[in-house]
Amino acid sequence: MTETDPRMHVRYDAAAAEARWRARWKEEDVFRARIDASRPKYYVLEMFPYPSGKIHIGHGRNYVMGDVIARYKRMAGFNVLHPFGWDAFGLPAENAAAERGVHPKGWTYENIAAMKEQLDLLGLSLDWSREFATCDPAYYRHQQRMFLDFLRLGLAYRKESAVNWDPVDMTVLANEQVIDGLGWRSGAPVEKKMLTQWFFRITAFADDLLNDLKSLDRWPDKVRAMQANWIGRSEGASFRFALAASPGDDETVEVYSTRPDTLFGASFIAIAADHPLARAAARTDPALAAFIEQCGRTATTEAAIETAEKLGFDTGLRAVHPFDTNWSLPVYVANFVLMDYGTGAIFGCPAHDQRDLEFARKYGLPVKPVVIPPGEDADAFMIGSEAYTGEGRMAHSAFLDGLDATAAKARAIEALERLGVGARQVNWRLRDWGVSRQRYWGCPIPIVHCDACGPVPVPLADLPVTLPEDVTFDAPGNPLDRHPTWKHVPCPSCGAAARRETDTMDTFVDSSWYFARFCDASPADRPTDLAATDYWLPVDQYIGGIEHAILHLLYARFFVRAMKAAGHLHISEPFAGLFTQGMITHETYRDANGRWLSPEEIEKRDGLVFTRGSNAPVTLGPPEKMSKSKKNVVPPEEIAATYGVDCARWFLMSDSPPERDSEWTQAGVDGAARLVQRIWRLLNDALPHMAEKGASAEGAQGVVLELRRIVHRTVHELTQDLEQFRFNRGVARLYELVNALGAFDARTQGAGAVLREAYETLVLLVAPMMPHLAEEAWALLGHDAMVVHAAWPKALPELVAQDTVTLAVQINGKRRDEIALKKDLAAAEVEAAVLALDAVKRALAGGRPKKVIVVPNRIVNLVV
RNA sequence: GCCCCUGUGGCGGAAUGGUAGACGCGACAGACUCAAAAUCUGUUGUCCGCAAGGGCGUGCUGGUUCGAGUCCGGCCAGGGGCACCA
């Protein structure tokens with residue numbers, strides 16, 4: 001070691017510096033947001049977490065991404081709101097209670113405390129003063145009030161609906177608790193059971209929810225497409241077939257179809273297994289009853305039904321064709337028709353629907369083409385194993401013959417209307433939102449059931465209806481339901497003995513309005529402070545996982561509309577910008593016995609993997625989502641204590657496009673750690689050569705000017721990258737700047753002012769991603785005020801613009817040479833310069849090019 | 001089955017229809033060192049060639065274009081979503 005090599009002395013102590021700066025941010029309360037009408041606001045929100053226990057560094061990606069945006073926007077002059085809270089009701093707390101005898105409340109709040117401590121290490125610029133958990137009565141009391149508002153507005157109602165019932169545990173199961181049709185604890189076959197439950201009328205806003213997707217131009221197209229499909233608007237007709245004879249009260253069967261134009265190609269009617277007509281027919285037909293029971297047992301997911309064999313059962317009934325009373329069709333019960341959708345009955349047109357075709361072939365039903373592809377003869381056209389779903393002319397269809405599908409559809413609907421048997425109808429796939437859950441750890445539904453008065457709202461003055469704490473989880477079923485006293489209350493209306501509603505709300509309700517409460521979490525008498533929500537909402541940037549693309553986001557969109565109707569908000573769309581980030585994966589390890597091993601339990605030597613400190617071989621698995629069960633998790637506290645959290649933040653932003661999955665690797669962390677030290681070292685080396693703070697960098701020449709250009713170009717490009725969520729590209733730009741600084745000799749004559757500008761700019765640019773290092777460096781550069789209060793640098797356009805450009809020279813589209821020219825040169829001058837090149841002369845061999853394409857400042861292509 | 005997304009070096013990935021492989025990781029070589037670590041410098045798609053240079057290259061296959069990783073058609077592979085969407 002020599003005294004003259006300063007690199008030996010400077011080493012950035014991340015762990016110490018980070019703790020110091022976090023303490024100072026906290027002390028000075030710098031992240032507390034306040035309404036300030038004089039500044040543009042910016043509301044950044046990451047989807048709040050369920051407090052399940054501990055977080056790992058994979059969770060950090062989401063929060064760091066939001067934090068980078070929050071810190072950048074703050075420096076760019078925005079008044080930033082960046083709050084945090086807890087989605088604290090839910091099933092895992094009850095599972096923990098049942099398995100380990102801990103109370104859901106205690107378990108939840110302990111988890112919150114542990115996770116908060118871990119999150120703090122990440123150096124997030126959060127305003128903790130607005131924190132709440134959705135299980136706080138101070139939060140859910142307002143949710144109960146809004147439930148009553150919705151009830152008053154007709155947006156909440158009760159109806160019968162099926163649940164998964166475990167006949168052994170005598171309890172309702174969530175979908176995830178049903179495994180292969182069996183209850184997860186009891187193993188008993190799950191039954192369908194009808195219960196009267198509460199629903200939110202989300203379908204009242206179906207049109208709005210679909211149409212307004214167009215306005216969400218800062219949402220991923222993918223998410224908008226998923227929501228549009230989910231809402232599923234279809235246009236068609238609803239109409240009745242008369243029954244030739246009926247086993248029940250119905251004399252007709254009503255079907256819904258989007259293709260009434262193909263009605264002359266109909267060959268059967270199919271009804272759902274739980275259609276009233278099916279039930280009626282089954283009363284006298286035991287075989288049909290058995291078939292219906294069998295249908296009830298098959299899984300109800302779309303994928304399962306779609307791939308399952310299409311089965312039908314002929315009821316023996318006949319339905320009369322509305323356009324030809326001499327024509328009747330068989331009525332089948334089919335396992336692919338759902339009672340929930342449309343009318344629960346369809347007509348099958350095998351020639352033009354693949355599923356109907358397979359059904360018809362199976363049961364020997366006629367296949368009659370009525371849409372003839374262009375160029376085909378109407379009488380000769382036959383359907384083989386593929387239904388024809390394309391365009392064409394109608395044939396064999398009486399008054400529809402010769403029309404195209406659109407015209408035929410309109411004409412068929414007119415005819416149905418004239419006959420008085422049906423009408424045009426818009427149908428939605430979207431169904432109302434069932435919010436009742438037969439669970440303890442959720443927001444109680446504020447209703448009292450009275451034998452005389454029916455369901456009666458709990459008076460506002462009596463809210464919140466709080467959960468009793470003396471509950472047990474040793475028996476199956478809902479602890480609220482079997483609590484000795486809690487549910488017994490007088491009717492608020494007549495005073496007679498009555499019972500509380502013991503269902504609690506779906507936890508998706510809790511997460512449907514928390515972002516509004518964050519605007520001001522203090523009012524005790526109302527859900528929102530309108531002055532605060534008017535200022536802060538909508539959320540400018542919402543960040544979370546793609547798994548919430550449909551339900552959570554759709555429910556929140558419904559909820560703000562309902563809240564608006566109730567006077568609690570003035571907006572209709574909660575999230576102006578949405579970003580869905582990918583997961584963090586990590587490779588997995590298993591020992592010879594197949595036991596999962598954590599990253600700390602293994603070591604790599606010579607390209608092989610062993611358990612740490614031994615020669616026991618380890619099987620290396622592919623990178624998978626970090627999860628406790630596979631032990632491939634990295635705790636944030638470990639990174640914070642060793643490399644410093646800035647290093648982790650940097651790595652999380654650096655490797656992959658943020659919307660894609662990204663693998664956490666030791667090599668990647670090492671690379672990030674090297675950069676942290678490199679910046680620190682370069683800064684320390686350059687410091688003695690820098691000009692004073694505020695020195696003008698104007699008038700630089702030569703290599704110094706070149707460096708300055710790079711600095712300003714980096715500002716320009718990184719700013720764009722951050723605006724567009726291209727963190728990985730921004731990181732690459734910063735590496736380029738650091739590389740340029742590393743290659744620059746700090747002793748260069750007259751470089752002092754540019755050096756200062758360059759390093760100050762670098763520090764400001766890395767600040768959103770590495771906020772602690774930036775503070776430490778900023779202080780070293782002689783600043784008393786913190787970087788969090790500093791302004792984002794501005795690029796000077798004249799330094800961003802290039803005055804010379806390199807054009808590629810192509811001959812017949814192949815690159816043959818390149819040429820450096822002044823920017824924006826006239827095409828003729830460019831052509832002349834290019835024609836003078838040796839490579840071009842050689843290629844032309846004295847001739848003239850047939851064509852010359854000059855793309856300004858880009859490329860010249862000669863066609864010879 | 002339906003809807004959506006993604007296929008680029010050894011790896012993660014760059015690239016408004018205009019020089020494919022920026023930047024990082026890894027690897028190799030060198031400098032410094034007694035040695036190592038750290039750091040620095042250089043090389044690194046592939047094939048032919050001493051070199052200059054050239055051929056081939058973005059899952060496959062057609063097409064549009066002066067020019068295609070990028071646009072269009074048809075395949076193949078991987079991933080995600082799904083509540084028979086009538």
Side-chain angles (χ1 to χ4, degrees), chain A residues 1-2 5 7-8 11 175 220-223 225-226 228-234 236 255-260 262 270 272 298 300-308 310 334-338 340-349 353-356 358 427-431 546-547 549-550 582 623 651 654-657 659-663 665-672 674-675 677-678 681 726 728-736 738-739 742-743 806-819 839 849-864:
Chain A
M1 188 191 290
T2 62
D5 189 350
R7 286 177 307 207
M8 293 296 172
R11 184 106 196 131
N175 280 332
D221 290 342
K222 182 183 176 173
V223 174
M226 285 165 85
N229 288 339
W230 191 262
I231 296 166
R233 184 179 197 274
S234 68
V255 303
Y256 175 76
S257 175
T258 55
R259 294 293 304 274
T262 63
T298 48
T300 54
T301 67
E302 184 180 334
I305 293 162
E306 196 75 47
T307 48
K310 311 291 181 270
N335 66 349
F336 56 86
V337 177
L338 292 185
D340 288 334
Y341 192 81
T343 59
I346 62 163
F347 76 81
C349 175
D353 182 287
Q354 191 60 31
R355 192 186 55 202
D356 293 349
E358 284 166 25
N427 215 24
W428 302 93
R429 179 181 178 273
L430 184 68
R431 304 201 292 245
I546 188 74
E547 66 273 20
I550 298 176
F651 176 50
S654 70
D655 236 29
S656 301
E659 67 278 11
R660 266 195 236 173
D661 286 355
S662 181
E663 189 187 352
T665 61
Q666 189 54 48
V669 181
D670 291 340
R674 261 200 303 274
L675 179 80
Q677 294 301 336
R678 188 157 178 235
R681 206 169 49 237
R726 312 182 68 150
N728 59 320
R729 219 169 63 146
V731 162
R733 299 288 92 88
L734 287 169
Y735 267 111
E736 283 173 330
V738 173
N739 288 345
T806 305
L807 285 81
V809 178
Q810 296 184 336
I811 292 164
N812 290 336
K814 288 228 175 246
R815 201 194 80 97
R816 280 294 177 262
D817 204 351
E818 59 182 36
I819 186 169
K850 269 195 273 191
K851 193 170 175 186
V852 180
I853 294 124
V854 178
V855 182
N857 304 322
R858 283 279 185 184
I859 202 167
V860 180
N861 189 14
L862 306 176
V863 185
V864 297

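Convention: sequence-line order gives letters A, B, ...; per-chain numbering from 1. Remember, predicted model here, so these are calculated numbers, not experimental data.
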### Heavy-atom closest contact (A/D655 atom, A/N728 atom, distance)
C-CB, 4.4 Å

### Summary
Checking N1-N3 plus N6-O4 or O6-N4 for Watson-Crick, or N1-O2 and O6-N3 for wobble, each under 3.5 Å, the partner of B/rC34 is none

### salt bridge (Lys or Arg N to Asp or Glu O under 4.0 Å) against A/R259, all qualifying residues, sequence neighbours excluded
A/D261

#### Entry: Side-chain (A/N861) to main-chain (A/G813) donor-acceptor, under 3.5 angstrom
yes

### Query
So what does A/R431 hit on the nucleic acid, given a heavy-atom distance under 4.0 Å: a base, only sugar-phosphate, or nothing?
base

### A/R733 vs A/E736, salt bridge (Lys or Arg N to Asp or Glu O under 4.0 Å): CA-CA, chis, key distance, verdict
CA-CA 5 Å; A/R733 299 288 92 88; A/E736 283 173 330; 3.0 Å; yes

### Task
Mind telling me if B/rG9 is syn or anti? Syn here is a glycosidic angle within 90° of 0.
syn

Quick one: which protein N/O atoms are closer than 3.5 Å to N/O atoms of nucleotides 52-57 of chain B? Pair and distance per line, please.
from: B/rG55; atom 1: OP1; to: A/R816; atom 2: NH2; distance (Å): 3.1

### Task
Heavy atoms under 4.0 Å is the rule here; annotate nucleotides 23-33 of chain B 5' to 3' with B where the base is hit, S where only the sugar-phosphate is, and - elsewhere.
SSSS-------

### Query
Under a 3.5 Å cut-off for both distances, is B/rU44 Watson-Crick or wobble paired, and to whom?
B/rG26

### Task
Please state the C1' separation for the pair B/rU41 and B/rG53 - nearest whole angstrom.
27 Å

### Task
Report the residues that fulfil side chain to side chain donor-acceptor pair (under 3.5 Å) with A/Q666, sequence neighbours left out, ordered by chain and then residue number.
A/Y643, A/D670

### Query
When we call it a touch if two heavy atoms are under 4.0 Å apart, what does A/R858 touch: a base, just sugar-phosphate, or nothing?
base

### Query
Taking for each residue the nucleotide of RNA chain B with the nearest heavy atom, is it A/D661 or A/T258 whose nucleotide lies nearer the 5' end?
A/D661

### Query
B/rG12 and B/rA22: how far apart are their P atoms, nearest whole angstrom?
15 Å

### Sequence-distant partners of A/E659, salt bridge (Lys or Arg N to Asp or Glu O under 4.0 Å), two or more places apart
none

### Message
Rounded to whole Å, please give me the gap between CD in A/E818 and C1' in B/rU19.
### Response
7 Å

### Message
Going by the rule salt bridge (Lys or Arg N to Asp or Glu O under 4.0 Å), which residues pair with A/E818 if we only count those two or more places apart in sequence or in a different chain?
### Response
A/R815

#### Entry: Spacing of the P atoms in B/rU8 and B/rC71 (rounded, Å)
16 Å

### Message
Please name the nucleotide paired to B/rG49 by Watson-Crick or G-U wobble geometry with both distances under 3.5 Å, or report none.
### Response
none

#### Entry: Residues forming a side-chain contact (heavy atoms from CB on, under 4.5 Å) with A/R233, sequence neighbours excluded
A/D207, A/L210, A/E235, A/V426, A/W428

### Task
With C1' as the reference atom in both, quote the distance from B/rA14 to B/rU58 in angstrom, rounded to an integer.
12 Å

### Task
Using side-chain contact (heavy atoms from CB on, under 4.5 Å) as the criterion, list what pairs up with A/R678, not counting sequence neighbours.
A/R681, A/L682, A/V738, A/N739

### Query
Taking only residues two or more places apart in sequence or in another chain, which ones pass side-chain contact (heavy atoms from CB on, under 4.5 Å) with A/A225?
none

### Query
Whole Å only: how far is the CG atom of A/L807 from the C1' atom of B/rU19?
10 Å

### Task
Please state the P separation for the pair B/rC3 and B/rG54 - nearest whole angstrom.
48 Å

### P spacing across the pair B/rA36 / B/rG21, given as an integer number of angstrom
36 Å

### Task
Let me know the distance between CG of A/L430 and P of B/rA86, rounded to the nearest Å.
15 Å

### Task
Could you state the atom-to-atom distance from CG of A/N857 to C1' of B/rG17 in whole Å?
17 Å

### Task
Identify which nucleotide among B/rA86, B/rU19, B/rC3 has an atom closest to any side-chain atom of A/S257, counting heavy atoms from C-beta outward.
B/rA86

### Query
Is B/rC60 paired to anything, Watson-Crick or G-U wobble with both distances less than 3.5 Å, and if yes, which nucleotide?
B/rG74

### Task
Looking at every strand, decide which applies to A/T343 at a 4.0 Å heavy-atom threshold: base, sugar-phosphate, or nothing.
nothing

### Task
Determine the interatomic distance between C1' on B/rU43 and the same-named atom on B/rA37; round to the nearest Å.
23 Å

### Message
For A/R431, give me all partners under salt bridge (Lys or Arg N to Asp or Glu O under 4.0 Å), at least two apart in sequence or on another chain.
### Response
A/D340

#### Entry: Strand partner of B/rG18, provided both Watson-Crick or wobble distances fall under 3.5 Å
B/rC66

### Whole-angstrom distance between B/rU64 and B/rC28, as gauged at atom C1'
44 Å

### Query
Which heavy-atom pair separates A/D353 from A/D356 by the least distance, and what is that distance?
OD1-N, 3.0 Å

### Query
Toward the 5' end of RNA chain B, which comes first, A/I859 or A/A743, by nearest nucleotide?
A/I859

### Query
Paired with B/rG9: which nucleotide, if any, by Watson-Crick or G-U wobble criteria at under 3.5 Å for both distances?
none

### Task
Would you mind reading off the distance between A/R729 atom CZ and B/rG21 atom C1', rounded to a whole angstrom?
15 Å

### Task
Grab the CD-C1' distance between A/E659 and B/rG7 for me, whole Å please.
15 Å

### Message
Output the rounded distance in Å from CZ (A/R11) to P (B/rU39).
### Response
7 Å

Taking N or O atoms only and anything under 3.5 Å, show me the protein contacts with nucleotides 62-66 of chain B, one pair per line.
from: B/rC66; atom 1: O2'; to: A/N861; atom 2: ND2; distance (Å): 3.3
from: B/rC66; atom 1: O2; to: A/N861; atom 2: ND2; distance (Å): 2.6

### Student check: side-chain heavy atoms of A/N812 and A/L862 closer than 4.5 Å
no

### Query
Just how far, in rounded Å, is P of B/rU6 from NZ of A/K222?
8 Å

### Message
Looking at A/R726, I'd like to know whether one of its side-chain N or O atoms comes within less than 4.0 Å of OP1 or OP2 on B/rG13.
### Response
no

#### Entry: Contacts of type ring pair (Phe, Tyr, Trp, His ring centres under 6.0 Å), residue A/Y735, not counting sequence neighbours
A/W650

